[in-house]
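Every chain is numbered from 1, with letters handed out A, B, ... down the list of sequences. These values consider heavy atoms only, across backbone and side chains, with no hydrogens, waters or symmetry-generated copies. Bear in mind the structure is a predicted one, so any value in this text is a computation, not a measurement.
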There are 2 protein chains.
Amino acid sequence: MPSRAPRKQAPAPRPVVARMRRNGRPRGATAASRIYADLRAELVSLVRRPGEPISETQIATAYGVSRTPVREAILKLSDEGLVEIFPQSGIFVSRIPVATLPETIIIRKSLEETTARMAAEHATSSQLLNLHATLERQREACAAKDREAFHQADEMFHAGIAEVAGYPGIWKLILQVKVHVDRYRRLTLPQIGRMSEVIAEHEPILAAIERRNPDAAGAAMASHLERLLDDISEIQTLNPEYFDQPT
Amino acid sequence: MPSRAPRKQAPAPRPVVARMRRNGRPRGATAASRIYADLRAELVSLVRRPGEPISETQIATAYGVSRTPVREAILKLSDEGLVEIFPQSGIFVSRIPVATLPETIIIRKSLEETTARMAAEHATSSQLLNLHATLERQREACAAKDREAFHQADEMFHAGIAEVAGYPGIWKLILQVKVHVDRYRRLTLPQIGRMSEVIAEHEPILAAIERRNPDAAGAAMASHLERLLDDISEIQTLNPEYFDQPT
DNA sequence: TTTCCTCAATTGATATACTAATATATGAAT
DNA sequence: ATTCATATATTAGTATATCAATTGAGGAAA
């Protein structure tokens, strides 16, 4: 029996206000979150291949922890659609759901057309200079044929536009949505020639934002992302086991 | 020592194909998923009020299960932003992040402008009849002043348009994004007068889709959702403890 | 009264253990 | 060889246990 009254029970006529938030650290460096981040990186980079089984216990021993935090990480990845859990059977890296990729790109196009528009309406000079700097970094990566840096600058460019628009949460949503497209594209690695095309498409977007022309900015962004739709639907034949077949 | 070779180990030169998927039931009726669904309903319906503490053990005993499945449900809700976990402190129903609501509505507007456009391009006669039926159901609910049925028909109308567009996943994404707006609007209950306005705004959307006019359909949808932006920013003052203050 | 200190209780995070279901390898039967 | 049955190991799901961090009430000190 508790010698003291329990700290907080619901029965009262609605405490409602409740306690104010305490420490400002909402769940940072737990074992689960570290494992989640690691696994996610391995999944998007295709270090773990679609269809491959994943063993909770194996990962747990590898990290020197119990199954519990590993399971927490896996469940989160399952929500994101990166792994599939089959009860009493096993966990597997999800195959790439080819059928849903076009819809994903449509979503991205729709959202980024909006951010480009809003960016053209709200951009400050310093923000424009930052975007120019990012684009220049991308040109350097292109010249150096550094695919990793190029991709990183590419994401920064798009994220930067969302931030200039005043809606950084839109880019967070896009990140969540485009994960399967990223896995798909990782399989179509070569595309060195694409890098300069991408830059050539980024330039008019930034130019339109600079001209404060929302319509042009949105249109340029839309046509840039429409190229993505063309890119997919090429290499489905090789490595068919990585894809979720239309049956 | 295992008397038999382990079933599957990674070391081999990449098994790759792995096992085909077995039973088609990817995680259905676990205790965790039932608790998750229940809790989520309680959160969006504001049965559990923003700021209120949530006790894992209390829920566990209420369901007659251990803390483990409860924790799985809570973690998922935490990812969705419906609850906040403060380490070694407690779990609390998240306050409504008022500052992010406009962005959420912008996202929805952007995506649904797209679905309306695409619906106008692809709608078949039977699909149009279904949309008319849904709209009629909404009129009936309005006449009966049945708010719950009205809201249900409203969601069906929007979901139906996404489906006609050929991108039902867009509606699923919207559902995920608009949860805080729903909680907010639940606080502004009255709005009986709004019901007929909503119907009056739905009609031109459907009419434009019927006329196969993507531009008009997108514009009608956009202006419909812009009304949402006006609706918020009204009742922040009453019940301030439910909102995440801009400090 | 106000401030500080102490301490029991609760909590989130993790560890360990158990169970029912399932898949697969092995061996038997055809 | 091919099919079928059986046994065994692995698994997801859940239960229970441990621990350090934090809270907040009560009492001591000012």
Chemist: Can you list every salt bridge (Lys or Arg N to Asp or Glu O under 4.0 Å) pair that touches residues 104-113 of chain A, not counting sequence neighbours?
Modeler: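 Found A/Arg108-A/Glu112, A/Lys109-A/Glu226, A/Glu113-A/Arg117.
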Chemist: Counting only side-chain N and O atoms of B/Arg71, is one of them less than 4.0 Å from OP1 or OP2 of C/dG12?
Modeler: no
Chemist: Please identify each residue that fulfils side-chain hydrogen bond (donor to acceptor under 3.5 Å, both in side chains) with A/Asp38, with sequence neighbours left out.
Modeler: A/Tyr63
Chemist: Under the rule for salt bridge (charged side-chain N to carboxylate O under 4.0 Å, His left out), what residues qualify as partners of A/Arg137, not counting sequence neighbours?
Modeler: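 For A/Arg137 there are no salt bridge (charged side-chain N to carboxylate O under 4.0 Å, His left out) partners, ignoring immediate neighbours.
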Chemist: Measure from CD1 on B/Ile85 to P on C/dT10 and round the result to the nearest Å.
Modeler: 20 Å
Chemist: Could you tell me which residues satisfy salt bridge (charged side-chain N to carboxylate O under 4.0 Å, His left out) with A/Arg40, sequence neighbours excluded, listed by chain and number?
Modeler: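 A/Arg40 satisfies salt bridge (charged side-chain N to carboxylate O under 4.0 Å, His left out) with A/Glu80 once adjacent residues are dropped.
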Chemist: Provide, to the nearest angstrom, the distance between the CZ atom belonging to A/Arg34 and the P atom belonging to C/dA13.
Modeler: 14 Å
Chemist: With sequence neighbours excluded, tell me which residues meet salt bridge (charged side-chain N to carboxylate O under 4.0 Å, His left out) with A/Arg227.
Modeler: A/Glu197, A/Glu201
Chemist: Once side-chain hydrogen bond (donor to acceptor under 3.5 Å, both in side chains) is applied, do any residues pair with B/Glu103, and if so which ones, sequence neighbours excluded?
Modeler: none
Chemist: Output the rounded distance in Å from CD (A/Glu56) to P (C/dT14).
Modeler: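 To the nearest whole Å, that distance equals 14 Å.
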Chemist: It should be established whether B/Ser55 places a side-chain nitrogen or oxygen under 4.0 Å from OP1 or OP2 of nucleotide C/dT11.
Modeler: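 Yes, because at least one side-chain N or O of B/Ser55 sits under 4.0 Å from OP1 or OP2 of C/dT11.
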Chemist: Tell me, please, which residues at least two apart from B/Thr61 pass side-chain contact (heavy atoms from CB on, under 4.5 Å).
Modeler: none
Chemist: Given atom CD1 of B/Ile54 and atom C1' of C/dG12, what is their separation to the nearest angstrom?
Modeler: 14 Å
Chemist: Could you tell me which residues satisfy salt bridge (charged side-chain N to carboxylate O under 4.0 Å, His left out) with B/Lys178, sequence neighbours excluded, listed by chain and number?
Modeler: B/Glu155, B/Asp182
Chemist: Under a 4.0 Å heavy-atom cut-off, which of residues 59-66 of chain A touch DNA chain C?
Modeler: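 Per residue number, the list reads A/Val65, A/Ser66.
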Chemist: Using nucleotides 18-20 of chain C, report all nitrogen or oxygen pairs with the protein that are shorter than 3.5 Å.
Modeler:
none

Chemist: At what distance, to the nearest 0.5 angstrom, does CG of B/Leu131 lie from NE2 of B/His158?
Modeler: 11.0 Å
Chemist: Given atom CD of A/Glu72 and atom C1' of C/dA13, what is their separation to the nearest angstrom?
Modeler: 8 Å
Chemist: Given atom CD of A/Glu84 and atom P of D/dT11, what is their separation to the nearest angstrom?
Modeler: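 My rounded result for the distance is 18 Å.
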Chemist: According to side-chain contact (heavy atoms from CB on, under 4.5 Å), who are the partners of A/Thr134, at least two apart in sequence or on a separate chain?
Modeler: A/Met156, A/Phe157
Chemist: Where does DNA chain D pair, written as one dot-bracket string 5' to 3', with Watson-Crick or G-U pairs under 3.5 Å, ( ) inside the strand, [ ] for crossing pairs and | for another strand?
Modeler: ||||||||||||||||||||||||||||||
Chemist: Can you tell me if the side-chain N/O atoms of B/Thr57 get under 4.0 Å from OP1 or OP2 in C/dT10?
Modeler: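 Checking C/dT10 against B/Thr57, no side-chain N or O comes under 4.0 Å of OP1 or OP2.
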Chemist: Does any donor-acceptor pair link the side chain of B/Thr68 with the base of D/dA15 at a separation under 3.5 Å?
Modeler: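 Such a pair exists between side chain and base.
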Chemist: Rounding to a whole Å, what distance do you find between A/Leu75:CG and D/dG13:P?
Modeler: 7 Å
Chemist: Hey, could you give me the CD1/CG distance between A/Ile74 and A/Asp79, rounded to the nearest 0.5 Å?
Modeler: 12.0 Å
Chemist: Figure out the CD1/C1' separation between A/Ile91 and D/dT10, and round it to whole Å.
Modeler: 12 Å
Chemist: Which pair of non-hydrogen atoms, one from A/Pro87 and one from A/Ile85, has the smallest distance, and what is that distance?
Modeler: CD-O, 3.7 Å
